[in-house]
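Order of the sequence lines fixes the chain letters, A, B, ..., with proteins taken first and strands second; residue numbering starts at 1 for each chain.
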Number of protein chains: 2
Amino acid sequence: MKTTISDIANRANVSKMTVSRVLSGKGPVSPKTAERINAIIDEMGYQPNLIARSLSSKRTMIIGVIIPKIQHMFLDNYIAQILSGITDIALQNNYRIMLCPIEPRPDRSMEYINLAKSKLFDGMILVKAKLDDPNINALAESDFPFVLVNYKKFSKKLNFVDSRNVEGATMAIKYLYDSGHRDIAFVAGSIDETNAKDRLKGYLDTIKELGLEYNENWIVYGDFNKEKAFQEAQKILNCSKRPTAIFCADDSMAIGVIERLRQEGLRVPNDIAVMGFDDIEIAEYIKPALTTIRQPIYELGKTASQSLLNLINGKQKPPLHKLLDVKLIKRESA
Amino acid sequence: MKTTISDIANRANVSKMTVSRVLSGKGPVSPKTAERINAIIDEMGYQPNLIARSLSSKRTMIIGVIIPKIQHMFLDNYIAQILSGITDIALQNNYRIMLCPIEPRPDRSMEYINLAKSKLFDGMILVKAKLDDPNINALAESDFPFVLVNYKKFSKKLNFVDSRNVEGATMAIKYLYDSGHRDIAFVAGSIDETNAKDRLKGYLDTIKELGLEYNENWIVYGDFNKEKAFQEAQKILNCSKRPTAIFCADDSMAIGVIERLRQEGLRVPNDIAVMGFDDIEIAEYIKPALTTIRQPIYELGKTASQSLLNLINGKQKPPLHKLLDVKLIKRESA
DNA sequence: CTGAAAGCGCTAACAG
DNA sequence: CTGTTAGCGCTTTCAG
């Protein structure tokens, strides 16, 4: 039942090496023997054992993709788009993808540096890593190829692909300003992600630049979580002076905020305008359709994947730092 | 830099075998040596080479998940939910997931039987396989463990997990009937999936059972594709006698149909009621919110994953045929 | 253009 | 409780 390279070699009266050369297409083999060997391979339905090949060649042609293990992670539209981009490029280059959802638990603190050591992957892509993740420093000290998506830190040993988050937040605030808003609140994301920090910075810098009122009660923290944003939005509404617009650091929080406003009998955008960030799929389906800053999420995945392959194949040396442009999407909510 | 089991063994003055026993936790080792070895492992930051382990043990602890390679497959809510279920169970059992998006191209006709032969996976889950896929028969003849999700064929060599599609369609038609509808059209899915066939059967059987009018012009084929359904819906509207309700074999087609009705100035559900099947995420967000038959999609994934592990570990023998219940979700569209 | 030898790093099987 | 032997199936390296 199980056919090995030796079986093929015996049948063809050649050495294993010749068969191996035919299989890989590399190295010189006479057309005639190659043809004969191929015929036998087809006839016997032989497929090389990838594990043996990997052990010997020290390459697995597998890319590990580390994603945060959240409830139903694949339903997260953001992660789904990143994965699409990563996978498309990897497949085009004959690499396979292994998904590694990792829970951010302390007892697993070195989980993916260990994965790197296990030799299962030729490289890794880390999606939505935490700012203080100890794995990242450990990886950076190794020579294992890896790329961070949605993480920004200008370090000589780190490779990342991210969106221009600061600029995106700036764009949002200026749009609200141009629409006449002067009192703008902000729902921040998880402060342990560089993303969230950048968007906060964009907000703060821009209201300062425009000379708008800074009110610390207008800044709440929603952890990139719809329910949390739903709760925290109330704090903004409780302020003695109510803002006329709320900018949220991502779309899911914007949806939570809109739900709260609706519950309080406030109309969006007439009473309060709401903006999100990301442009996830349902942004255009909800009512009112969400005005937001679109990140090129699928492109982030593609770029990360291509960059990793370049690192693996030595076509590129770290550090690799890429920032992609974002875009204002005007809809109904602001 | 690269530490192997031999390095650990040398440092601890034991044989590789003893280290291997400590690593696996199986086989007798004196507590004292075990402790000493563990200390050295920690100190040296040793991680076993998984590839070498797999080659030797003939198990990879990896499950291959075959999904149809469509544009942005991870954005397909259905696939995402299946993957969530599969992954959750696999991780709990220390298995990893490798995603294999496969294009249904003729030149790749034996792609996953070849994957099975490559020894990379201990088992495979095939999601949304086509009825006539030649791989399935080939796999069935091998002793490689695999489970089909969303495929139903009572064969002694096949293992599948599916929803009760016939019953679901029946449920939908009876609900429409109870709501007063007598003229019910049907938008079928891809006839090369068992799913689509079952839902068609449920529709046909039930209109017959209820004594409703059968009109072949009221049955169109939408290929589980929103745009196609949008087009095909027109054929139904062109009929001399227009139905009062349209049952669609999945939600995405229902959305396409609703768009067409809106474009034609017809109100849903007042002029024509529309029902879907699946209950994908956006079903509750669109206007009007979609009345549909909910498949336990996440559960399908979990069940498939658990079943496959049972097959791999010999706790279960083929054939394994499981059907999960569906449920009517009443919303606004019907 | 082809082959022989050596070994990737681990575990199964058996022996002590 | 511990060790020895013998591979797993392939590719690398070097030799012809």
For the NZ atom on Lys119(B), are there more than 12 heavy atoms of other groups (residues, nucleotides or ligands in this structure) within a distance under 6.0 Å?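 No, because the 6.0 Å sphere around NZ of Lys119(B) holds 12 heavy atoms or fewer from other groups.
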Length of the line joining [X]:[atom1] and [N]:[atom2], which is rounded to integer Å:
X	N	atom1	atom2	result
Ile5(A)	dT11(D)	CD1	C1'	8 Å
Met17(A)	dT13(D)	CE	C1'	9 Å
Lys16(B)	dG3(D)	NZ	P	13 Å
Ile37(B)	dC1(D)	CD1	P	13 Å
Arg21(B)	dT4(D)	CZ	C1'	11 Å

Contact residues, residues 48-55 of chain B to DNA chain D [heavy atom, < 4.0 Å]: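 Those residues whose heavy atoms fall under 4.0 Å from DNA chain D, taken from residues 48-55 of chain B in numerical order, are Leu55(B).
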Could you tell me whether Lys128(B) and Asp133(B) make a salt bridge, using a distance below 4.0 angstrom between a side-chain N and a carboxylate O?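 So Lys128(B) does not pair with Asp133(B) through a salt bridge.
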Sugar-phosphate only, base, or nothing, as touched by Lys58(A) at under 4.0 Å among non-hydrogen atoms: sugar-phosphate
With a non-hydrogen cut-off below 4.0 angstrom, is Thr33(B) in contact with a base, only sugar-phosphate, or nothing?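 If one applies the 4.0 Å heavy-atom cut-off, Thr33(B) turns out to touch the sugar-phosphate alone, with no base involved.
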For dG9(D), take OP1 and OP2 only and decide whether either is under 4.0 Å from a side-chain N or O of Ser56(A). no
Return no unless some side-chain N or O of Ser57(A) is found under 4.0 Å from OP1 or OP2 of dT12(D). no
Going 5' to 3' along DNA chain C, which nucleotides are the first and last within contact of chain A (any atom under 4.0 Å from a heavy atom)?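 Taking any atom under 4.0 Å from a heavy atom of chain A, the span is dC1(C) to dG9(C).
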Hey, does the side chain of Ser20(A) reach the backbone of Lys16(A) with a donor-acceptor pair shorter than 3.5 angstrom? no
Can you tell me if Ser190(B) uses its side chain to pair, donor with acceptor, with the backbone of Glu193(B) under 3.5 Å? no
Between Lys69(A) and Asp88(B), is the salt bridge (Lys or Arg N to Asp or Glu O under 4.0 Å) condition met? List the steps. CA-CA 9 Å; Lys69(A) 174 151 178 41; Asp88(B) 286 352; 3.3 Å; yes
Within-4.5 Å side-chain heavy-atom neighbours: [X] and [Y]:
X	Y	result
Phe121(A)	Cys100(A)	yes
Met73(B)	Leu99(B)	no
Leu126(B)	Tyr151(B)	no

So Phe160(B) and Phe154(B), would you call those rings parallel, tilted or perpendicular, with 30° and 60° as cut-offs?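 Perpendicular: the ring planes of Phe160(B) and Phe154(B) meet at over 60°.
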From the list dC1(D), dT4(D), dT13(D), which nucleotide is the closest neighbour of the side chain of Ser15(B)?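 My answer, after comparing the listed nucleotides, is dT4(D).
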